[in-house]
Each structure stands twice: as structure tokens, then as C-alpha cells.
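Note that the structure is predicted; figures quoted are calculated from it, not measured. All heavy atoms count here, side chains included; hydrogens, waters and symmetry mates do not.
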Amino acid sequence: MLLLAAIVVVGAVSAVVLVATGGDGSSDKKPPAESSSTTGRTPSPSLSIPSQVPSELPSRVPSELPSGLESLVPSFASDEVPYYMLRTGDCFDVDDSRPGQAVKRPCGGEHDAEVVKVAELEGTYTTDAALKKAASNLCQDPLDTKAAKQPANTVRGTLVQYPDPAGFDVGIDNVACSLAADVGKGNRKLTKPLK
């Protein structure tokens with residue numbers, strides 16, 4: 001809400017500056033027309049600037065972001081990031097109540113999963129099923145190869161995070177391919193980086 005208020009204020013100030021300076025974007029300044037007066041005085045321009053900025057914001061300013069958008073924007077108050085901002089080698093926890101989000105954790109401590117590869121979707125996909133299949137295909141070989149190098153019972157699952165059709169349409173095309181200590185409601189954790 002504070003960010004939105006700041007944007008509105010900056011917009012209002014910018015509009016005032018443009019009006020005050022005649023900011024029509026053109027750079028061809030013409031001198032004022034000469035007066036037919038015989039007094040010999042040169043006319044001086046006068047500016048009319050509003051004396052105050054509005055004291056209230058418009059009543060139709062939304063109080064919250066529309067639902068679903070928060071998973072696209074990183075939270076700077078914690079280590080929580082959208083999955084598409086993860087990089088190869090990042091360790092993280094997942095929260096089933098926050099799909100699409102990951103909480104970055106040090107690989108030397110307890111964590112749910114580690115990113116093995118970040119791949120990029122190419123092509124055209126209009127359904128979640130098509131995106132899921134393409135993402136799974138991108139991740140299968142790197143995950144199989146990395147899992148084979150781990151000690152027995154280290155990893156028990158894979159996690160393939162990919163955009164939904166709306167995210168893909170706006171340009172989110174990263175797929176995070178991760179190995180996990182457990183799947184579903186399991187409580188096992190990884191405690192060190194994968195080999």
C-alpha cells in the first residue's frame with residue numbers, strides 16, 4: 001500500500017512539473033511573439049503552478065494486490081523467493097501453503113531440496129499438462145544422473161517446479177529441477193550439499 005501511495009505521489013509531482021515546464025516533449029522552443037506595443041518592453045513568461053499537492057489519495061486505490069500475484073514477486077523480508085529465481089546449487093525448503101515459493105536455506109544445514117539444474121522452456125504451451133510434460137522431460141536426465149551419485153536413502157524424491165500457463169504467457173520460462181530428501185508429507189531433510 002505504501003509503495004502504491006508513493007507511485008501516485010511521484011506521478012502527481014511529475015504531472016505538475018510537466019505542466020509547469022510546458023513538457024509537451026518537443027524540443028523546438030520558439031520565442032514569444034513580439035508585442036505590437038510601442039513601450040519596448042519584452043513580455044516575460046508567467047507560470048501558474050498549483051499551490052498544493054492533493055491531500056488525499058483517490059478513493060479507488062486498491063488495498064491489496066489481486067490474489068495469486070504474490071507468488072510472482074520476491075519477498076524482501078525473508079529468504080522466500082519465487083521458484084524461478086532459484087539457481088543451480090541453491091538449497092531450499094518448500095511450504096505446501098505457498099505453491100511456487102521456496103525458502104532458501106544454507107546447504108550445510110537442514111533443507112528439503114537442492115536445485116540440480118535450472119532449464120528453460122522453449123516452444124508454445126497452452127495447458128498445464130503440456131507445461132508439466134515439457135518440464136518433466138527437461139529435468140529427467142539431469143535428476144537421474146545426479147540421484148545415481150548420491151549415497152543410498154539420501155534422496156527419495158524429485159521436485160520439478162514450472163510456470164503455470166499464465167506465468168509462461170508473461171515470460172516466466174524457468175524450470176527448477178531439484179532432488180528432495182522426501183516427498184509429500186515426509187519429514188526427512190537433507191543436511192549437506194548433494195554430491
One should read off an interatomic distance between Gln101 CD and Met85 CE, to the nearest 0.5 angstrom, of 10.0 Å
Distance from Arg156 atom CZ to Asp182 atom CG, nearest 0.5 Å?
5.5 Å
Nearest heavy atoms of Val160 and Leu143, plus distance in Å
CG2-CD1, 4.2 Å
Between Leu138 and Phe168, is there a shared hydrophobic cluster once you connect ILVMFWY residues whose side-chain heavy atoms come closer than 4.5 Å?
yes
Donor-acceptor contact present, side-chain Tyr83 to main-chain Asn174, <3.5 Å:
yes
Has Arg188 got a side-chain atom pairing as donor or acceptor with Asn153's backbone, closer than 3.5 angstrom?
yes
Atom pair CG/OH of Leu121 and Tyr162 - distance to nearest 0.5 Å
10.5 Å
So which atom in Val175 and which in Ala135 form the shortest heavy-atom distance, rounded to 0.1 Å?
CG1-CB, 3.8 Å
Determine, step by step, whether Val155 and Lys146 satisfy the side-chain contact (heavy atoms from CB on, under 4.5 Å) criterion, reporting the C-alpha distance in whole Å, the side-chain angles of both residues, the deciding distance to 0.1 Å, and the verdict.
CA-CA 10 Å; Val155 293; Lys146 189 74 163 186; over 6 Å; no
Measure the OG1-CD distance between Thr145 and Gln140 for me, rounded to the nearest 0.5 Å.
10.0 Å
Looking at Pro99 and Asp96, what are the two nearest heavy atoms and their distance?
CD-O, 3.8 Å
Correct closest heavy-atom pair for Ala113 and Ser178 would be CB-CB, 4.2 Å
For residues 101-117, pull every pair meeting salt bridge (Lys or Arg N to Asp or Glu O under 4.0 Å), keeping only residues two or more places apart or in separate chains.
Asp90-Lys104, Asp93-Arg105, Asp112-Lys189
Cluster question for you: counting only ILVMFWY and a side-chain heavy-atom cut-off of under 4.5 Å, with indirect links fine, are Val81 and Val94 together?
yes
Contacts of Thr124 that satisfy side chain to side chain donor-acceptor pair (under 3.5 Å) - sequence neighbours left out:
none
Quick one, Lys195 and Thr154 - any side-chain contact, counting heavy atoms below 4.5 Å?
no
Distance col, row Lys149:NZ vs Leu179:CG, nearest 0.5 angstrom, shows 11.0 Å
Does a side-chain heavy-atom distance below 4.5 Å link Asp128 with Pro165?
yes
Of all heavy-atom pairs linking Arg87 and Tyr84, the shortest is NH1-O, 3.6 Å
To the nearest 0.5 Å, tell me how far Cys177 SG sits from Leu86 CG.
11.0 Å
Of the non-hydrogen atoms in Gly167 and Pro163, which two are nearest, and what is the gap between them?
C-CB, 4.3 Å
